[in-house]
A.B. asks: 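Quick one: the structure is below, questions incoming.
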Amino acid sequence: MRQRIFWIRSKISMDSHLETCFGFVVILGEPNAGKSSLVNELTGLKVSIVTHKPQTTRSRIRGIMIQENKQLVLIDTPGVFEPRRKLDKILISAAWTNINDADIIALLVDTKKGISAALKRIITQMKRLIVKDISVILILNKIDTVEREKLLLLTEQLNSYFAFDATFMISATKGWGVKDLSDWLVKSAPSGPWLYPDDQTVDLPSRAFATEITREKLLLRMHNEVPYRLLVQSESWTENGDGSIKIVQNILVSNKRYKSMILGQRGDTIKAISISARRDLEEILSKKIHLFLRVKVSENWFQDAIRFSKLGVDIRG
């Protein structure tokens, strides 16, 4: 079947009297391909954290997009990379878990990187693991950074590796081509009852989502100074009589040096992180937030299987 390459927006007519449709969309790709940015752009809300650092996503965050009678759950998986530590292996396992439960699989490719060895491994894994008839689409991201001729060549090469059902060319950060992708996704949603209410935007407990926001601010503020061996845990969540919420979170790091760096001189750094995270949470939750952050040293937290479950990933096996 000859597939379409979507360059410009097209209008799809929808009948609001049709039966409801529901589907799961799993987004796969290398670290920093733009998965989180795409989920946020498709839902129109901040449901997945975005930083300059690769491997930012740890949980299988589910953003929910709704268009008339269609509801789609977007699963933003951790970037697929070559695992080195136990945590890496768990993140990779999370990315591939229950892939055959998806209705649509989207492979997101960073056009700036082109076809890397890691991308070829992802395609090989897709061929091996997909055992039922699932729509698989190719999304070429960051097209604003690459010449058109290279995009066409990249499209041809990737479609020679795998028989994609459709190819989309987008810029998730600028919104280019995202409307066409969104239209195709909702049009392809199978018939079925909605799984979530129409006012829900993310399938992630509020406490877990709040920790993701804080972790985003940590990674953005600390740049390359603090490695990925940090974990944000929810200590307490108290809803006050005036409608505000008091949130206490623990930031676990692997040694005292990182703790000092996160705290900063006179606590300036942790204060800035707290203010930034609180502002986002207030905007998202539409409530007054009182956020308290505590930095603790736990040298081997990343080897503690019990804590992995708090990342929202399966630790079995």
Side-chain angles (χ1 to χ4, degrees), residues 3-4 6 10 12 14 20-30 33-50 56-80 94-110 119 122-123 125-127 129-141 158 162-172 175-198 200-204 209 312-313:
Q3 62 173 277
R4 294 178 59 195
F6 293 77
S10 60
I12 295 178
M14 296 221 179
T20 58
C21 297
F22 176 86
F24 284 102
V25 181
V26 172
I27 304 176
L28 294 172
E30 293 184 78
K35 296 181 295 299
S36 297
S37 296
L38 178 57
V39 169
N40 290 342
E41 184 69 23
L42 285 169
T43 60
L45 292 168
K46 186 184 184 69
V47 297
S48 193
I49 73 172
V50 181
T56 299
T57 301
R58 285 181 177 170
S59 303
R60 289 165 56 86
I61 296 176
R62 294 169 169 86
I64 301 169
M65 59 180 291
I66 295 174
Q67 193 171 121
E68 296 190 6
N69 63 313
K70 319 262 186 170
Q71 185 180 75
L72 284 171
V73 176
L74 309 174
I75 303 177
D76 175 14
T77 63
V80 181
W96 292 110
T97 298
N98 300 325
I99 192 170
N100 284 288
D101 291 336
D103 297 290
I104 300 170
I105 296 172
L107 176 61
L108 190 66
V109 175
D110 183 346
L119 182 59
I122 294 174
I123 295 175
Q125 190 81 324
M126 282 178 16
K127 289 179 178 179
L129 291 180
I130 298 175
V131 296
K132 71 173 191 176
D133 186 19
I134 300 174
S135 294
V136 184
I137 63 174
L138 173 65
I139 306 174
L140 301 180
N141 192 22
L158 287 170
F162 191 94
F164 294 99
D165 294 289
T167 297
F168 297 85
M169 300 186 179
I170 71 166
S171 171
W176 297 356
V178 177
K179 177 63 166 55
D180 287 317
L181 172 60
S182 175
D183 287 345
W184 189 94
L185 290 173
V186 296
K187 187 179 181 181
S188 303
S191 298
W194 287 11
L195 189 61
Y196 300 96
D198 58 10
Q200 188 167 342
T201 57
V202 60
D203 176 22
L204 190 67
F209 185 63
V313 296

A.B. asks: Can you tell me how far apart CD1 (Ile170) and CG (Asp180) are? Round to the nearest 0.5 Å.
C.D. replies: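 That separation rounds to 10.5 Å.
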A.B. asks: I would like to know whether Asn69 and Cys21 meet side chain to side chain contact (heavy atoms under 4.5 Å, CB included); could you show each step before the answer?
C.D. replies: CA-CA 6 Å; Asn69 63 313; Cys21 297; 4.2 Å; yes
A.B. asks: Spell out, as yes or no, whether a donor-acceptor pair under 3.5 Å connects the side chain of Lys35 to the backbone of Ile75.
C.D. replies: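 Absent.
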A.B. asks: Any side-chain heavy atom of Phe24 sitting closer than 4.5 Å to one from Val73?
C.D. replies: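 Side-chain contact under 4.5 Å: yes.
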A.B. asks: Could you pull out the closest heavy-atom pair between Ala106 and Ile139, with the gap in Å?
C.D. replies: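 Here Ala106 and Ile139 meet closest at CB-CD1, 3.7 Å.
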A.B. asks: Determine, stepwise, if the pair Val25 / Leu72 fulfils side chain to side chain contact (heavy atoms under 4.5 Å, CB included).
C.D. replies: CA-CA 7 Å; Val25 181; Leu72 284 171; 4.0 Å; yes
A.B. asks: Considering only heavy atoms from C-beta outward, does the side chain of Ser188 approach that of Ser135 to under 4.5 Å?
C.D. replies: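 Not touching, per the 4.5 Å side-chain cut-off.
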A.B. asks: If every non-hydrogen atom of Lys70 is compared with every non-hydrogen atom of Lys187, which pair is closest and at what distance?
C.D. replies: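 Of all heavy-atom pairs spanning Lys70 and Lys187, the closest is NZ-O, 4.1 Å.
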A.B. asks: Restricting to non-hydrogen atoms, name the atom on Pro193 and the atom on Phe22 that form the minimum distance, rounded to 0.1 Å.
C.D. replies: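 That closest heavy-atom pairing would be O-CB, 3.4 Å.
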A.B. asks: Salt bridge check, Asp183 against Lys179: does any charged N sit closer than 4.0 Å to a carboxylate O?
C.D. replies: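 Result for this pair is yes, salt bridge flagged.
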A.B. asks: Is there a side-chain contact between Leu119 and Val109 in this structure, where contact means two heavy atoms from C-beta onward sitting under 4.5 Å apart?
C.D. replies: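 Yes. Closest side-chain heavy atoms under 4.5 Å.
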A.B. asks: Looking at Leu42, is its backbone amide N or carbonyl O close enough to the side chain of Ser182 to form a donor-acceptor pair, meaning the two atoms are under 3.5 Å apart?
C.D. replies: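 No; zero donor-acceptor contacts below 3.5 Å.
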A.B. asks: From Leu140 CG over to Leu108 CG, what is the distance, rounded to the nearest 0.5 angstrom?
C.D. replies: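 One gets 8.5 Å once the value is rounded to the nearest 0.5 Å.
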A.B. asks: Look up atom OG in Ser171 and atom CG in Leu38, then write down how far apart they are to the nearest 0.5 Å.
C.D. replies: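 Answer for the OG-CG pair, Ser171 versus Leu38, is 10.5 Å.
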A.B. asks: For Asp103, enumerate each residue passing the side-chain hydrogen bond (donor to acceptor under 3.5 Å, both in side chains) test, keeping only those at least two apart in sequence or located in another chain.
C.D. replies: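 Asp103: no side-chain hydrogen bond (donor to acceptor under 3.5 Å, both in side chains) contacts found.
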A.B. asks: For residues Trp194 and Glu68, report the shortest heavy-atom separation together with the two atoms involved.
C.D. replies: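 Looking at all heavy atoms of both residues, the closest pair is CZ2-O, 3.4 Å.
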A.B. asks: My understanding is that only one of Leu158, Ile137, Ile123 makes a side chain to side chain contact (heavy atoms under 4.5 Å, CB included) with Leu107; could you say which?
C.D. replies: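 Exactly one candidate clears the test, Ile123.
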A.B. asks: Do the side chain of Asn141 and the main chain of Ala172 share a donor and acceptor less than 3.5 angstrom apart?
C.D. replies: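 Yes; judged by distance alone, with no hydrogens or angles, the pair exists.
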A.B. asks: What distance separates Phe162 CZ from Ile122 CD1, expressed to the nearest 0.5 Å?
C.D. replies: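 Between Phe162 CZ and Ile122 CD1, I get 12.5 Å after rounding to 0.5 Å.
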A.B. asks: To the closest 0.5 Å, what do you measure between CD (Gln71) and CD1 (Ile64)?
C.D. replies: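 Going from the CD atom of Gln71 to the CD1 atom of Ile64 covers 6.0 Å.
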A.B. asks: CD of Glu41 to CE of Met65: how many Å apart, nearest 0.5 Å?
C.D. replies: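 Spacing of CD (Glu41) from CE (Met65) equals 11.0 Å.
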A.B. asks: Flag the pair Val26 / Ile104 as yes when at least one side-chain heavy-atom distance between them is below 4.5 Å, and no otherwise.
C.D. replies: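 No, side chains not in contact.
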